[in-house]
Amino acid sequence: YKTKLIENICFYKVYFITLPCSYEIEFKMAITKEIIRACLRDKRDEIESAKVIFRPIEFEDNGNYVFVGVRHVGKSYVLFQRVKQLLASGTGWDEILFVDFEDERLSELEASDLNLLLETHLETYGKKPYIFLDEIQNIPGWDKFVRRLANAKYHIYVTGSNAKMLSKDVATTLGGRFFITDVYPYSFSEYLHANHIELKDGWIDSTIERSEVVRAFNEFFYYGGLPEISEFRNKRKMLSGLYQKIYLGDICTRNSIKNEHALNILIKKLAESVKQPVSFNRLKNIVVSTGSKISVPTVMDYVEYAADSWLLLPVENELSKLADKESNKKYYFIDNGLLNLFLINPETSLLENVVAVQLCRLYEREQVSYFSDTREIDFVVDKVKMAVQVSYSIKEKDTYNREVVPLLSFGESHNDWQLLIVTYDETDHITEKGVDIDVVPAWKWLLSPSLHRREEGRESGDVLATLNL
């Protein structure tokens, strides 16, 4: 209230009263249509100026898609690729609604606000759009909104970094209306293209071109195929920063993990054991030996969280009982560059990891397993009847016996299967007891579709001839 008046200046005494309250008041910034229009315009400019390496994804004209994968694997650029295809076919921007949910201006969006995006587009252009929703997984209830759009016959493209966005509940809500597509880091052939290395006819007979491919493979081998990493000289530093985003953001924060030390030790031990099946009990004992308290159920949860973030690729034993499948898997890393952050003398582990990722990319993760009874086979793919051993070299007698002999035995009981040994840089063809095994360097195998599956009417021994190996 006013207390005095001095030379036409009023002085007031102000009282603040604090009332008891049993709840917190959360203030939410309103998302306006003007903000949405600004976000859409900025994204349009970004897409138009973006250089896109087209990836081998065939889009169904009437299909709806969900793309999932680890952070910075290039999911957004897959959407950019589809937008550019639509633009090239005559579709205009007035028929495209592209929303980036990592735009900080949209950080307050909730499921109840999602329809505002569609309203803004329809009010602006008056045309039914193709809808692109990039990194939508952090908005609870997004799947119900997307299902409603699918019911209304919109064409929808969705990306996300968390495998749990494809949980049974979400899959049930989407009702089989979507193609679920895993997005992997660049394959070696994509990596070459991104680095402006084009394979001409007869390249393998050219000393210069062949050396260029081998040199590129060495970089790909140690630093992986995440699209953004190839643009930097200090790749290890960039990979370390990306891992921290995955570790802290996609695993720790998202799952409210308090024992970060135990999780860090667990991931490091999984990296060091990448070629071996590991049990949850063994992992628990390793972590406990470092001074951290952890239980087997917590270890199981942590491993699941790492797989949900797409950091890990679990591979099961083909022959194990169900209980063993759950507790004695191999765990590979989604990218060699991320795996290499944890290793000393990493070559043998990186070689097996790069083969695992390529097999999962080609045949889907569920189709790839390992084989272990009295024989050890690194990978089997029932879908295409292929068995693969991975060995840096097979020149030493002990290594030859460990890698080749089990594969020969396997071939005797699987006489219609293709048998391969992928090495770092050795080529050979082995024939014993009527069993044929192709030995091929990893860089050639990664570039050779005919080495990924036996072609119709062609014997295993003929495959290498296609590359003059």
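Model, not experiment: these values are computed from the prediction. The first residue in the sequence is number 1, and the count goes up from there.
- Remark: Lys237 fails to qualify as a cation-pi partner of Phe232 under the 6.0 Å distance and 45° angle criteria applied to the six-membered ring.
- Outside the 6.0 Å centre-distance limit, the rings of Phe221 and Trp443 are not counted as a close aromatic pair.
- Few gaps surround NZ on Lys33; more than 12 heavy atoms of other groups in view lie less than 6.0 Å from it.
- Counting heavy atoms from C-beta on, the side chains of Thr423 and Val440 never come closer than 4.5 Å.
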Would you sort out whether Glu426 and Ser393 count as a side chain to side chain donor-acceptor pair (under 3.5 Å), showing the intermediate values?
CA-CA 7 Å; Glu426 293 176 13; Ser393 170; 2.4 Å; yes

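- Aromatic ring pairs are classed by plane angle as parallel below 30°, tilted from 30° to 60° and perpendicular above 60°; the pair Tyr424 and Tyr392 is parallel.
- Using a 3.5 Å distance cut-off with no hydrogens or angles, the side chains of Thr348 and Lys275 do pair a donor with an acceptor.
- Proximity of Ile31 to Ile36: side-chain heavy atoms (C-beta onward) are separated by under 4.5 Å at one or more points.
- Ring orientation note: the planes of Tyr247 and Tyr243 are close to parallel, at an angle under 30° on the 30°/60° scale.
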Please determine whether side chain to side chain donor-acceptor pair (under 3.5 Å) holds for the pair Glu212 and Trp203, giving the CA-CA distance in whole Å, both sets of side-chain angles, and the decisive distance to 0.1 Å.
CA-CA 10 Å; Glu212 189 175 26; Trp203 66 270; over 6 Å; no

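- At least one side-chain heavy atom of Leu192 sits less than 4.5 Å from a side-chain heavy atom of Leu447.
- You'll find the side chain of Met386 reaches within 4.5 Å of the side chain of Tyr363, heavy atoms only.
- Checking Asn264 against Glu260 by side-chain atom types alone, no donor-acceptor pair falls below 3.5 Å.
- When every heavy atom of Leu407 is checked against every heavy atom of Leu419, the shortest pair comes out as O-CD1, 3.8 Å.
- In this structure, the separation between NZ on Lys330 and OH on Tyr332 is 3.5 Å, given to the nearest 0.5 Å.
- Here the CD atom belonging to Glu364 is positioned 11.5 Å from the CD1 atom belonging to Ile180, to the nearest 0.5 angstrom.
- Judged by distance alone, with hydrogens and angles left aside, the side-chain atoms of Ser49 form a donor-acceptor pair with the main-chain N or O of Asp45 at under 3.5 Å.
- With respect to Lys75 and Asp182, no salt bridge is recorded, no charged nitrogen being found less than 4.0 Å from a carboxylate O.
- Side chain of Asn340 to backbone of Tyr222: a donor-acceptor contact under 3.5 angstrom is found.
- Asp103 places a side-chain N or O within donor-acceptor distance of the main-chain N or O of Arg105, the cut-off being under 3.5 Å.
- Checked by atom type, the side-chain pair Glu95/Thr91 shows no donor-acceptor distance below 3.5 Å.
- If you run ring-ring contact (aromatic ring centres under 6.0 Å, His included) between Tyr157 and each of Phe178, Phe98, Phe67, Phe132, only Phe132 comes through.
- Counted by atom type alone, Gln358 and Trp445 present zero donor-acceptor pairs between their side chains at under 3.5 Å.
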Please step through side-chain contact (heavy atoms from CB on, under 4.5 Å) for the pair Glu34 and Thr32, ending with a clear verdict.
CA-CA 5 Å; Glu34 288 72 23; Thr32 66; 3.5 Å; yes

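- Relative orientation of the Phe333 and Phe342 rings is tilted, given thresholds of 30° and 60° on the angle between their planes.
- Proximity of Glu366 to Glu316: side-chain heavy atoms (C-beta onward) are nowhere separated by under 4.5 Å.
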Going through the checks in order, is the side chain to side chain donor-acceptor pair (under 3.5 Å) test met by Asn317 and Ser372?
CA-CA 7 Å; Asn317 184 0; Ser372 179; 4.5 Å; no

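- Gly92 and Leu87 get closest at one heavy-atom pair: C-CD2, 4.2 Å.
- Within the model, atoms OH of Tyr154 and CD1 of Ile131 stand 6.0 Å from one another, a figure rounded to the nearest 0.5 Å.
- A donor-acceptor pair shorter than 3.5 Å can be found between the side chains of Thr124 and Arg37.
- Remark: the backbone N or O of Leu350 is paired with a side-chain donor or acceptor of Asn336 at under 3.5 angstrom.
- In terms of heavy atoms, His196 sits closest to Lys51 at CE1-NZ, 2.9 Å.
- The OG atom of Ser89 sits 8.5 Å away from atom CG of Asp61, with the distance rounded to the nearest 0.5 Å.
- Aromatic ring orientation, Tyr65 versus Phe59: perpendicular (interplanar angle above 60°, classes split at 30° and 60°).
- Side chains of Glu318 and Asp382 form a contact here, defined as non-hydrogen atoms less than 4.5 Å apart.
- Checking side-chain atoms of Gln81 against main-chain N and O of Arg55 turns up a donor-acceptor pair under 3.5 Å.
- Residues Leu116 and Glu119 have side chains in contact (heavy-atom distance under 4.5 Å, counting atoms from C-beta outward).
- Judged purely by atom type and a 3.5 angstrom limit, Ser273 has no side-chain atom pairing as donor or acceptor with the backbone of Leu270.
- Here Phe220 and Tyr191 bring their ring centres to under 6.0 angstrom of each other.
- Arg177 places no side-chain N or O within 3.5 Å of a backbone atom of Arg147 that could act as its donor or acceptor partner.
- Checked by atom type, the side-chain pair Ser279/Asn328 shows no donor-acceptor distance below 3.5 Å.
- Atom CG of residue Leu446 and atom CD of residue Glu190 lie 11.5 Å apart, to the nearest 0.5 angstrom.
- A pairwise comparison of heavy atoms in Ile35 and Leu106 identifies CG2-CD2, 4.5 Å as the closest pair.
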After noting the C-alpha distance and the side-chain angles of Thr181 and Val68, does the key distance pass the side-chain contact (heavy atoms from CB on, under 4.5 Å) rule?
CA-CA 6 Å; Thr181 304; Val68 289; over 6 Å; no

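- Smallest separation of non-hydrogen atoms from Val380 and Ile377: CG1-CG2, 4.0 Å.
- Contact annotation: the side chain of Leu239 approaches that of Leu338 to within less than 4.5 Å [non-hydrogen atoms, C-beta and beyond].
- In terms of heavy atoms, Ala387 sits closest to Trp417 at N-CE3, 3.8 Å.
- The main-chain N or O of Arg375 is found under 3.5 Å from a side-chain atom of Asp373 such that the two form a donor-acceptor pair.
- Side chain of Asp42 to main chain of Cys39: no donor-acceptor pair is present (N/O by atom type, distance under 3.5 Å, no hydrogens or angles).
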